[in-house]
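Not measured: the values here are computed from a predicted model.
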Amino acid sequence: MITHKRQLLVDFLNDQPGIKASLSPWGIYIELPAAQEDHLAVIEWRLADHDVPYAPQDDLILGALYNFSGKRGLIRGNSYEIETLQ
């Protein structure tokens with residue numbers, strides 16, 4: 001189910017340099033330049049509507065995204081920690 005709260009987060013992320021985000025059935029799909037190569041890093045943010053904070057910590061999520069050094073990652077719920085996937 002696509003929700004208004006998740007759409008607001010997607011809109012915010014798409015306004016940031018180098019980040020491309022889209023809604024998915026399980027949350028938010030994020031692409032950004034990989035830290036080490038000329039490839040894209042892909043992050044799945046598994047986020048249900050009830051997990052979206054009323055006041056997202058924009059600086060925390062942007063800091064986590066811009067400092068991500070892997071190629072594939074996973075964020076679970078309203079955590080701002082990115083788990084690196086193989």
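In this structure a side-chain-to-backbone donor-acceptor pair under 3.5 Å is present from W45 to G77. A donor-acceptor distance shorter than 3.5 angstrom exists from the side chain of N14 to the backbone of A21, with no hydrogens or angles considered. When atom types are taken as modelled, the side chain of N67 and the backbone of G63 share a donor-acceptor pair closer than 3.5 angstrom. In this structure, R6 contributes its side chain and L47 its backbone to a donor-acceptor pair below 3.5 Å.
Hydrophobic clustering (side-chain heavy atoms under 4.5 Å, transitive across Ile, Leu, Val, Met, Phe, Trp, Tyr) groups L60 together with I28. Two different hydrophobic clusters hold F68 and L85 under the rule that ILVMFWY side chains link at heavy-atom gaps under 4.5 Å. In this structure, V42 is not a member of the same hydrophobic cluster as I82, with clusters built from ILVMFWY side-chain heavy atoms closer than 4.5 Å. Linking Ile, Leu, Val, Met, Phe, Trp and Tyr residues whenever their side-chain heavy atoms come within less than 4.5 Å leaves L74 and I61 in two separate clusters.
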- Stepwise side-chain contact (heavy atoms from CB on, under 4.5 Å) check, Y80 with I75: CA-CA 7 Å; Y80 296 114; I75 303 173; 5.9 Å; no
- Query: Can you list the steps and then say if I43 with L32 is a side-chain contact (heavy atoms from CB on, under 4.5 Å)?
  - Reply: CA-CA 8 Å; I43 299 171; L32 64 156; 3.8 Å; yes
- Item | Working for side-chain contact (heavy atoms from CB on, under 4.5 Å), residues Y66 and I19 | CA-CA 9 Å; Y66 287 132; I19 296 177; 3.8 Å; yes
- Message: Let's go through T84 and R72 carefully: what are the C-alpha distance in whole Å and the side-chain angles of both, what is the deciding distance for side-chain contact (heavy atoms from CB on, under 4.5 Å) to 0.1 Å, and is it a yes or a no?
- Response: CA-CA 6 Å; T84 301; R72 292 183 55 227; over 6 Å; no
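A 4.5 Å side-chain heavy-atom check between L65 and I30 finds at least one atom pair inside the cut-off. Side chains of Y29 and K20 form no contact here, defined as non-hydrogen atoms less than 4.5 Å apart.
For the pair G18 and P33, the tightest heavy-atom approach, listed with the atom from each and the gap, is O-CD, 3.1 Å.
Atom CD of residue E44 and atom CD of residue E83 lie 10.5 Å apart, to the nearest 0.5 angstrom.
A 6.0 Å sphere centred on CZ of R76 holds no more than 12 heavy atoms belonging to other residues, nucleotides or ligands.
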